[in-house]
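Please read the structure below before turning to the comments.
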Amino acid sequence: PGLLEWVSSYLETLQTAKRSPHTLKAYRLDLHAVCTHLGELRERPPANLTVGDISIRAMRSAFASFAAERQPASVRRAWSVWNNFCNFLVSEGVSEGNPMASIAQPKKPQHTPKSFSPSAIHQLVQTVTVEAQRPAESSREWPQRDLALIATLLLTGIRSDELIRLDVGSILGGAGTPVLRVLGKG
């Protein structure tokens, strides 16, 4: 079978895995677009391409052409689709390796979370402090705990998933110099 037949087989596999129609359409477009660039490079139509036409050098050139006219997020998605497609070809026994590890992809932009304004922090602390001073209306309410959670988040800057993992054993040291041991990302 030709390369496009393997693309169809791969997409059928994804359909069986119940991927959304929109996802499948995006994957199909990415696979065919890079095949078009690969065909131009190999000087033949995409319908005449074979798995043997996939090489590191050819894929690097095809992806460079593909990336020239697209946003970084689209190139990252296409890279991922092709990486999975090449892994599929390896698992089917028609390719000896996946060339995508040698193909550069755009870096993800660093996402810096927005910080709270001083007035928003003041309002949050004020609200939680007032709530912590009133008696709980049910056994499920624990306003003092809420105050401790908000204070810990604001004062340490730890992530919410790191906070959730904390327990009493996470507090190290004596009463005068307590240290909070946090397990999380690096």
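This is a predicted model, so every value here is computed, not measured.
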Measuring from [X]:[atom1] to [Y]:[atom2], what's the distance to the nearest 0.5 Å?
{"X": "Gln126", "Y": "Leu124", "atom1": "CD", "atom2": "CG", "result": "10.5 Å"}
{"X": "His122", "Y": "Thr127", "atom1": "NE2", "atom2": "OG1", "result": "9.0 Å"}
{"X": "Ser20", "Y": "Gln15", "atom1": "OG", "atom2": "CD", "result": "11.0 Å"}
{"X": "Leu163", "Y": "Leu153", "atom1": "CG", "atom2": "CG", "result": "4.5 Å"}
{"X": "Leu89", "Y": "Ser91", "atom1": "CG", "atom2": "OG", "result": "7.5 Å"}
{"X": "Leu4", "Y": "Asn48", "atom1": "CG", "atom2": "CG", "result": "9.0 Å"}

Step through the shown structure and confirm whether more than 12 heavy atoms of other residues, nucleotides or ligands are within 6.0 Å of CD on Glu43. no

More than 12 non-hydrogen atoms from neighbouring residues, nucleotides or ligands closer than 6.0 Å to CD on Gln123, yes or no? no

Group every Ile, Leu, Val, Met, Phe, Trp and Tyr by side-chain heavy-atom contacts under 4.5 Å, then state whether [X] and [Y] land in the same group.
{"X": "Leu147", "Y": "Ile158", "result": "no"}
{"X": "Leu11", "Y": "Ile54", "result": "yes"}
{"X": "Leu31", "Y": "Leu24", "result": "yes"}
{"X": "Val130", "Y": "Val125", "result": "no"}
{"X": "Leu166", "Y": "Ile150", "result": "no"}

Would you call [X] and [Y] a side-chain contact if the rule is heavy atoms closer than 4.5 Å?
{"X": "Phe85", "Y": "Met100", "result": "no"}
{"X": "Asp53", "Y": "Thr50", "result": "yes"}
{"X": "Val34", "Y": "Val81", "result": "no"}
{"X": "Leu3", "Y": "Cys35", "result": "yes"}

Using only atom types and a distance under 3.5 Å, with no angle test, would you say the side chain of [X] pairs donor to acceptor with the backbone of [Y]?
{"X": "Asp30", "Y": "Trp82", "value": "no"}
{"X": "Glu5", "Y": "Gly2", "value": "yes"}
{"X": "Asp167", "Y": "Ser170", "value": "yes"}
{"X": "Arg165", "Y": "Leu183", "value": "yes"}
{"X": "Ser80", "Y": "Arg76", "value": "no"}

Heavy-atom closest pair, residues [X] and [Y]:
{"X": "Arg60", "Y": "Ser102", "value": "NH2-O, 3.0 Å"}
{"X": "Phe88", "Y": "Ser9", "value": "CZ-OG, 3.6 Å"}
{"X": "Met59", "Y": "Pro99", "value": "CG-CG, 4.2 Å"}
{"X": "Arg159", "Y": "Glu162", "value": "N-OE1, 2.9 Å"}
{"X": "Ile171", "Y": "Pro178", "value": "CG2-CB, 4.1 Å"}
{"X": "Glu131", "Y": "Pro143", "value": "O-CB, 3.1 Å"}

Please test Thr156 against Val182 for side-chain contact (heavy atoms from CB on, under 4.5 Å), starting from the C-alpha separation and ending with a verdict. CA-CA 10 Å; Thr156 65; Val182 178; over 6 Å; no

Walk me through whether Leu14 and Thr23 qualify under side-chain contact (heavy atoms from CB on, under 4.5 Å). CA-CA 9 Å; Leu14 295 180; Thr23 299; over 6 Å; no

Test log, rule side-chain contact (heavy atoms from CB on, under 4.5 Å), inputs Tyr10 and Cys86: CA-CA 10 Å; Tyr10 172 65; Cys86 289; over 6 Å; no

